[in-house]
Protein chains: 2
Amino acid sequence: MVNNKAVITKLSEFYKVFGDVTRLSILNALLDNEKNVGDICKEVNMSQSAVSHQLKILRLYNLVKYEKKGQSVFYNIADNHIKGILKYGFDHIDEFIK
Amino acid sequence: MVNNKAVITKLSEFYKVFGDVTRLSILNALLDNEKNVGDICKEVNMSQSAVSHQLKILRLYNLVKYEKKGQSVFYNIADNHIKGILKYGFDHIDEFIK
DNA sequence: TGAATATATGAGCAAATGTTCATATAAGGA
DNA sequence: TCCTTATATGAACATTTGCTCATATATTCA
């Protein structure tokens with residue numbers, strides 16, 4: 001147990017980033033490969049603007065990293081830590097929600 | 001990667017439950033011991049009503065279990081799975097946010 | 001340089017969320 | 001039974017959130 005209000009607040013903000021369908025779909029789409037914004041839009045079937053707004057949040061909380069290549073920006077999951085949390089979640093859903 | 005929209009939606013709802021300071025504080029308070037509602041209120045410093053509303057959500061998504069003892073209702077973390085997710089999160093914050 | 005393509009972002013708006021307030025329900029003790 | 005204590009819940013309201021629309025920025029190519 002943590003007795004630091006600031007840590008709890010930070011952690012809740014961190015979990016909150018995973019708690020939106022669009023953002024989670026983007027993360028899911030990036031699990032296989034890095035992808036540019038256009039491809040992400042197609043895969044999650046959302047507008048370029050909506051995706052870009054959510055990518056901003058994913059960047060802000062360091063869930064993704066990105067790299068500009070020509071006109072495109074390629075996004076990727078930030079690290080194995082994030083992948084681990086996603087895998088843990090997927091396993092949980094498989095097991096408990098089914 | 002999961003290609004099932006319903007699973008992604010379920011999972012995002014699951015993460016969302018962790019993504020609120022009050023609910024996360026409640027979970028944190030329960031990590032040591034089971035506690036009744038009154039004690040939870042004191043520990044998280046929120047009104048009885050606010051806590052009770054959030055406990056309802058924690059129950060709904062099976063993050064806590066509870067048991068009535070006389071007039072009191074004692075709440076506890078549902079299982080080690082939930083504890084694991086919390087521990088993982090705390091470690092992440094320790095490591096990345098500091 | 002001007003047009004096309006790719007991405008980012010601000011403003012506005014509607015929906016979702018969390019709190020308070022009032023009240024309901026339930027159990028224990030006098 | 002009546003009062004007190006413990007918990008739950010509905011309604012109202014303010015805040016937050018995520019989308020759309022319009023537009024800005026940046027890069028490539030003709």
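So you know, we letter chains A, B, ... as the sequences are listed, proteins then strands, and number each from 1. The structure displayed is predicted, hence computed values, not measured ones.
Sorted by first and then second residue, the pairs that involve residues 60-75 of chain B and meet salt bridge (charged side-chain N to carboxylate O under 4.0 Å, His left out), not counting sequence neighbours, are B:E34-B:K69.
To the nearest 0.5 Å, atom CD of residue A:E43 and atom CG of residue A:N45 are 10.5 Å apart. A:Y15 contributes atom OH, which lies 9.0 Å from atom OH of B:Y15 (distance to the nearest 0.5 angstrom). How far CD1 of B:I26 is from CG of B:L31: 12.5 Å, rounded to the nearest 0.5 Å.
Distance CD (A:Q54) to P (D:dT17): 11 Å, rounded to an integer number of Å. The nearest whole Å value for the distance from the CG atom in A:L60 to the P atom in D:dT17 is 12 Å. Taking atom CD1 of B:I26 as the reference point, atom C1' of C:dG18 lies 12 Å away to the nearest angstrom. Taking atom CE on A:M46 and atom C1' on D:dT20, their separation rounds to 10 Å, with Å as the unit. When the C1' atom of D:dT5 is taken as reference, atom CG of B:N36 falls 12 Å away, rounded to whole Å. Straight-line distance from the NZ atom of B:K42 to the P atom of D:dT7: 9 Å, rounded to whole Å.
For the pair B:S72 and D:dT7, the criterion of a side-chain N or O lying under 4.0 Å from OP1 or OP2 is met.
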Discussion item. I'd like to compare against my own output: the B/S/- annotation of nucleotides 8-17 of chain C with a strict under-4.0 Å heavy-atom distance to protein.
Written reply: BBB------S

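Between the side chain of A:N36 and the backbone N or O of A:S72 there is no donor-acceptor pair closer than 3.5 Å. Of the possible donor and acceptor atoms, one in the side chain of B:D79 sits under 3.5 Å from a partner among the backbone N and O of B:I82.
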Item to complete: Begin with the C-alpha distance, continue with both residues' side-chain angles, and end with the deciding distance and a verdict on side chain to side chain contact (heavy atoms under 4.5 Å, CB included) for B:K35 and B:Y75.
Response: CA-CA 5 Å; B:K35 292 193 174 72; B:Y75 282 83; over 6 Å; no

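Aromatic ring orientation, A:H92 versus B:H81: perpendicular (interplanar angle above 60°, classes split at 30° and 60°).
Rounded to 10°, the helix from C:dT1-D:dA30 to C:dA30-D:dT1 has 10° between the axis fitted to its first five pairs and the one fitted to its last five.
Under a hydrophobic-cluster definition in which Ile, Leu, Val, Met, Phe, Trp and Tyr are linked whenever side-chain heavy atoms come within less than 4.5 Å, directly or via other members, B:F74 and B:V37 are assigned to different clusters.
Partners of A:K87 according to the side-chain contact (heavy atoms from CB on, under 4.5 Å) rule, which considers only residues two or more places apart in sequence or in another chain, are A:D91. The side-chain contact (heavy atoms from CB on, under 4.5 Å) check on B:I57 picks up B:V17, B:R23, B:Q54, B:Y61, with sequence neighbours excluded.
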Quick test: give all pairs of protein nitrogen or oxygen and nucleotides 26-30 of chain C nitrogen or oxygen below 3.5 Å, distance rounded to 0.1 Å.
| residue | atom | partner | partner atom | Å |
| --- | --- | --- | --- | --- |
| C:dA27 | N3 | B:Q71 | NE2 | 3.4 |

